[in-house]
Amino acid sequence: QAQLVASGGGSVQAGGSLRLSCTASRYTFSTYDFLGWFRQAPGKEREGVADIGRDGSTRYVDFVKGRFTVSRDNAKNTLYLQMDSLKPEDTAMYYCAADPRTVVAGTPRAWGQGTQVTVSS
């Protein structure tokens with residue numbers, strides 16, 4: 001069941017950028033130590049992308065390092081994922097999520113409906 005609402009996906013050319021947003025409740029922001037993103041492409045396994053802790057510390061999987069930036073705005077109860085230098089292999093459904101320990105591991109405690117990102121060559 002959806003607990004976090006993601007938006008901002010779309011279709012872009014390779015090398016382009018997208019900024020995803022995720023709105024959650026104050027309860028979600030205060031309950032879970034880590035917020036972040038995972039993705040899943042058709043026929044492929046779910047994979048973690050990035051997460052951010054309460055103190056603003058971030059973690060990324062290797063294939064997005066230097067290209068994606070995760071951030072949070074606690075005042076707005078909003079999570080972001082800035083995606084630059086997008087590649088066709090980034091094409092997937094992106095989900096925002098929350099977990100006590102990690103989201104980059106790909107098995108978060110809570111997540112919501114995803115937003116589609118499509119990158120063409």
Side-chain angles (χ1 to χ4, degrees):
Q1 185 170 313
Q3 299 180 55
L4 303 92
V5 182
S7 63
S11 181
V12 299
Q13 293 278 92
S17 299
L18 284 173
R19 184 176 177 82
L20 307 184
S21 298
C22 173
T23 301
S25 66
R26 286 189 177 87
Y27 177 83
T28 297
F29 267 66
S30 64
T31 297
Y32 299 97
D33 288 342
F34 295 90
L35 303 173
W37 302 84
F38 68 88
R39 68 188 187 185
Q40 187 165 29
K44 301 180 69 175
E45 296 180 357
R46 183 169 64 184
E47 56 186 2
V49 175
D51 64 22
I52 182 169
R54 289 183 176 179
D55 63 353
S57 60
T58 58
R59 296 179 293 197
Y60 301 90
V61 292
D62 289 341
F63 54 81
V64 307
K65 286 182 178 177
R67 300 189 298 120
F68 291 9
T69 303
V70 62
S71 61
R72 61 193 290 172
D73 187 334
N74 293 334
K76 297 181 179 179
N77 300 125
T78 303
L79 177 73
Y80 302 98
L81 184 67
Q82 177 66 43
M83 305 184 294
D84 299 318
S85 301
L86 283 163
K87 304 175 180 180
E89 50 263 46
D90 293 319
T91 296
M93 186 72 73
Y94 284 71
Y95 301 84
C96 59
D99 191 85
R101 299 192 305 106
T102 176
V103 174
V104 293
T107 55
R109 190 70 58 84
W111 67 90
Q113 295 180 349
T115 184
Q116 179 67 40
V117 171
T118 302
V119 185
S120 61
S121 60

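Keep in mind the model is a prediction, meaning the values are calculated, not measured. These numbers come from the heavy atoms of this one structure, side chains and all, not from hydrogens, waters or symmetry mates.
By the ring pair (Phe, Tyr, Trp, His ring centres under 6.0 Å) test, Y32 pairs with no residue at all, sequence neighbours left out. R72 meets the salt bridge (charged side-chain N to carboxylate O under 4.0 Å, His left out) test with no other residue; sequence neighbours excluded.
Distance alone, capped at 3.5 Å, places no donor-acceptor pair between the T31 side chain and the T28 backbone. For the pair T78 (side chain) and T23 (backbone), a donor-acceptor distance under 3.5 Å is absent. No donor-acceptor pair closer than 3.5 Å links the side chain of D33 to the backbone N or O of G53. Between the side chain of D51 and the main chain of G36, no donor-acceptor pair closer than 3.5 Å is present.
Shown here for Q13 and S120, the closest heavy-atom pair between the two residues is OE1-OG, 2.6 Å. Minimum heavy-atom separation, L4 to A24: CD2-CB, 3.9 Å. For the residue pair R39 and F63, the shortest heavy atom distance occurs at NH2-CE1, 2.8 Å. Counting all heavy atoms, side chain and backbone alike, T91 lies closest to V119 at OG1-N, 2.9 Å. The two atoms that bring Y94 and V49 nearest to each other are CE2-CG2, 4.3 Å, heavy atoms only. Minimum heavy-atom separation, R67 to S85: NH1-O, 3.0 Å.
Taking CG of L20 as the start and OG of S7 as the end, the distance is 8.0 Å to the nearest 0.5 Å. Distance check: T107 OG1 to F38 CZ gives 9.5 Å after rounding to the nearest 0.5 Å. Interatomic distance, I52 CD1 to L81 CG, rounded to the nearest 0.5 Å: 10.5 Å. Expressed to the nearest 0.5 Å, how far CG of L35 lies from OG1 of T58 amounts to 13.0 Å. The distance from atom OG1 of T69 to atom OH of Y60, rounded to the nearest 0.5 Å, is 4.5 Å.
With contacts defined as side-chain heavy-atom distances shorter than 4.5 Å, the pair V61/E47 does not qualify. F34 is not listed as a side-chain neighbour of P108, based on a closest heavy-atom distance of 4.5 Å or more. Contact of the Q82 side chain with the S71 side chain is not registered, since no non-hydrogen atoms from C-beta on lie closer than 4.5 Å.
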Open item on the list: Let's go through R59 and T102 carefully: what are the C-alpha distance in whole Å and the side-chain angles of both, what is the deciding distance for side-chain contact (heavy atoms from CB on, under 4.5 Å) to 0.1 Å, and is it a yes or a no?
Closed with: CA-CA 9 Å; R59 296 179 293 197; T102 176; 3.6 Å; yes
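Y95 does not carry R46 over the face of its six-membered ring by the limits of under 6.0 Å from the centre and within 45° of the normal.
Under a 4.0 Å N-O distance rule, the pair D90/K87 does not qualify as a salt bridge.
In terms of hydrophobic clustering, with Ile, Leu, Val, Met, Phe, Trp and Tyr side chains grouped at heavy-atom distances under 4.5 Å, W111 and V103 are assigned to different clusters. Linking ILVMFWY residues whenever their side-chain heavy atoms come closer than 4.5 Å, directly or via other members, leaves V117 and M93 in distinct clusters. Linking Ile, Leu, Val, Met, Phe, Trp and Tyr residues whenever their side-chain heavy atoms come within less than 4.5 Å leaves Y80 and V70 in two separate clusters.
Remark: R19 CZ is packed, more than 12 non-hydrogen atoms of other residues, nucleotides or ligands lying under 6.0 Å away.
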